[in-house]
S.K.: 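Below is one structure. I have some questions about it.
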Amino acid sequence: MAKVQKAAVKRRSRGRIRKKADYYDYNLLAAVILLICFGLIMLYSASYYEAFQKIDGDDMYYFRKQGLISLAAVAGAIIISKINYHWFAKFAGAIYALSLVLMGMVRFTPLGVTVNGSRRWLKLGIQFQPSEIAKIAVILFIPVVIIKMGKQIKSFKAVFLLLIIGGMQALGAKVFTDNLSTALIILGIACVLVYLAHPKNTPFIIAVVAAGILIGIGVTIIASNVDATSGFRIRRVLTWLNPEGNLEDGGFQVIQGLYAIGSGGFFGKGLGNSEQKLSTIPEAQNDMIFSIICEELGVFGAILILLMFGYLLYRLFFIAQNAPDLYGALVVSGIFAHIALQVILNICVVLNLIPTTGITLPFISYGGTSVLFLMVEMGVALSVSRRIKFSQQ
């Protein structure tokens with residue numbers, strides 16, 4: 001009898017033991033698919049007129065091309081999510097070096113392709129932007145270096161080395177592909193990762209304040225010495241400060257984008273009813289697509305898309321917070337920083353809060369390379385989520 005009672009107690013105690021359960025963040029996957037579907041709808045609405053005019057009456061050209069790439073990218077992300085993310089750590093250094101080589105090929109080999117006056121693409125069977133690989137390279141490689149440094153991360157030398165690692169990719173994007181906006185995003189990702197790994201906040205706060213002061217001084221100098229400047233990036237700053245007086249240098253597009261946002265009201269003119277996309281805003285399906293969303297869907301549509309991005313970032317934050325190790329947490333934090341920076345910068349450009357940079361809106365703007373490599377990042381984040389262990393009764 002005593003043995004039976006002991007066996008019963010053991011069974012009850014085993015029932016109370018909290019077991020570990022595998023996890024997969026289907027919410028993140030659903031959020032990404034929802035953003036892609038919303039983006040495809042808005043892409044067709046923003047691009048069908050221009051496609052009809054330029055692509056022999058094929059108003060579905062941009063939509064069809066983006067849709068096929070998006071479908072393949074989602075499938076690829078699901079496949080990548082099945083791979084143990086520690087496998088990427090083994091090849092992070094090789095990916096880092098490869099991205100620099102590919103960006104160098106854009107400038108120094110005939111394989112580099114010029115589109116709309118910018119030589120940023122590389123044609124190796126398919127045409128893509130190597131600078132997008134540089135973002136992934138920084139996200140994967142800097143966490144590896146941080147982990148190897150261990151407690152040495154506290155030293156100034158370690159911080160300087162990590163920033164140099166990020167700076168090399170940023171410099172490659174700027175020098176080899178003349179893509180300053182991507183260079184700034186890469187540098188921003190590196191700074192966020194170093195900030196998260198470093199135990200002290202004060203040096204970073206001082207650096208941010210100093211950078212803000214220097215930027216303010218630079219803008220003031222540029223504004224007061226218009227005749228002494230001639231670079232196109234300087235003209236972008238001048239256009240930002242006075243778009244009405246610099247219509248030929250991009251001010252026209254900025255003003256028309258603001259007109260589109262202002263004319264949308266709260267609920268917009270209705271899906272497909274934008275007037276500014278009818279050749280007034282050139283290539284509205286690219287980095288200015290947010291203005292078309294505001295014109296057709298109004299403030300309601302703008303809030304809706306911001307909520308979708310907010311939920312996507314929340315899921316990434318959740319995965320980073322519950323990652324099983326430091327590498328997984330840092331990698332997903334880098335992905336978080338990339339998405340957040342790109343969304344903020346794109347919307348700020350459309351609202352004319354900062355000078356134009358050519359940064360696309362993730363998952364929404366037209367661009368196969370952007371969607372493809374963004375989904376690679378989502379696949380890595382999902383891979384980290386698969387290793388999360390939660391307790392159950």
S.K.: Please work out whether the ring planes of F156 and F160 are parallel, tilted or perpendicular, with thresholds of 30° and 60°.
M.R.: parallel
S.K.: Could you measure the distance from the CE atom of M42 to the CG atom of L271? Nearest 0.5 Å is fine.
M.R.: 5.5 Å
S.K.: Crowded around Q53 CD? As in, over 12 foreign heavy atoms under 6.0 Å?
M.R.: yes
S.K.: Once you round to the nearest 0.5 Å, how far does CD1 of I189 lie from OG of S333?
M.R.: 11.5 Å
S.K.: If you take all heavy atoms of G172 and M103, which pair is closest and at what distance?
M.R.: C-SD, 3.8 Å
S.K.: Could you tell me which non-hydrogen atom of A190 sits nearest to which non-hydrogen atom of I142, and how far apart they are?
M.R.: CB-CD1, 3.7 Å
S.K.: Are S47 and Y61 linked by a side-chain donor-acceptor pair shorter than 3.5 Å?
M.R.: no
S.K.: With hydrophobic residues grouped by side-chain heavy-atom distances under 4.5 Å, do W87 and V380 end up in a single group?
M.R.: yes
S.K.: For Y44 and D59, does a side-chain donor sit closer than 3.5 Å to a side-chain acceptor?
M.R.: yes
S.K.: Are there more than 12 heavy atoms of other residues, nucleotides or ligands under 6.0 Å from atom CZ of F91?
M.R.: yes
S.K.: OH of Y259: more than 12 outside heavy atoms within 6.0 angstrom?
M.R.: no
S.K.: Check T182, L187, V138 against Q169 for a side-chain contact (heavy atoms from CB on, under 4.5 Å) and give me the one that passes.
M.R.: V138
S.K.: Tell me whether the guanidinium CZ or amine NZ of K65 lies under 6.0 angstrom from the six-membered ring centre of Y366 and within 45° of its axis.
M.R.: no
S.K.: Would you name the heavy atoms of I305 and A302 that are closest together and state the gap between them?
M.R.: CG2-O, 3.1 Å
S.K.: Could you walk me through whether F176 and F108 pass the ring pair (Phe, Tyr, Trp, His ring centres under 6.0 Å) check?
M.R.: CA-CA 8 Å; F176 297 149; F108 298 112; 5.7 Å; yes
S.K.: Assess the residue pair S45 and E296 against the criterion (side chain to side chain donor-acceptor pair (under 3.5 Å)); give the C-alpha distance rounded to whole Å, side-chain angles, the decisive distance to 0.1 Å, and a yes or no.
M.R.: CA-CA 9 Å; S45 179; E296 295 187 351; 2.6 Å; yes
S.K.: Between E295 and S274, does any side-chain donor sit less than 3.5 Å from a side-chain acceptor?
M.R.: yes
S.K.: Out of the candidates L122, N179, V106, only one should pair with Q129 under the side-chain contact (heavy atoms from CB on, under 4.5 Å) rule; please name it.
M.R.: N179
S.K.: Inspect the contact between D58 and R64 and indicate whether a charged nitrogen and a carboxylate oxygen are less than 4.0 angstrom apart.
M.R.: yes
S.K.: Does either side chain, that of Y85 or that of D325, offer a donor lying less than 3.5 Å from an acceptor on the other one?
M.R.: yes
S.K.: Which residues end up grouped with V299 if you chain together Ile, Leu, Val, Met, Phe, Trp and Tyr wherever their side-chain heavy atoms are less than 4.5 Å apart?
M.R.: F266, F267, F300, I303, L307
S.K.: Does F290 belong to the same Ile/Leu/Val/Met/Phe/Trp/Tyr cluster as Y49, with side-chain heavy atoms less than 4.5 Å apart forming each link?
M.R.: yes
S.K.: Provide the closest heavy-atom pair for N322 versus I388 in the form atom of the first, atom of the second, distance.
M.R.: O-CG1, 3.5 Å
S.K.: Indicate the atoms forming the closest heavy-atom contact of L43 with I364, along with that distance.
M.R.: CB-O, 4.4 Å
S.K.: What heavy-atom pair brings I319 and S385 nearest, and what distance separates the two atoms?
M.R.: CD1-CB, 3.8 Å
S.K.: May I ask whether V376 and L35 are part of the same hydrophobic cluster, defined by side-chain heavy atoms of I, L, V, M, F, W, Y residues being less than 4.5 angstrom apart, directly or through others?
M.R.: yes
S.K.: Is it possible for you to say whether M105 and I136 belong to one hydrophobic cluster, with membership spreading through side-chain heavy-atom contacts below 4.5 Å?
M.R.: yes
S.K.: Membership question, hydrophobic clusters at under 4.5 Å side-chain separation (ILVMFWY): are I126 and F373 in the same one?
M.R.: yes
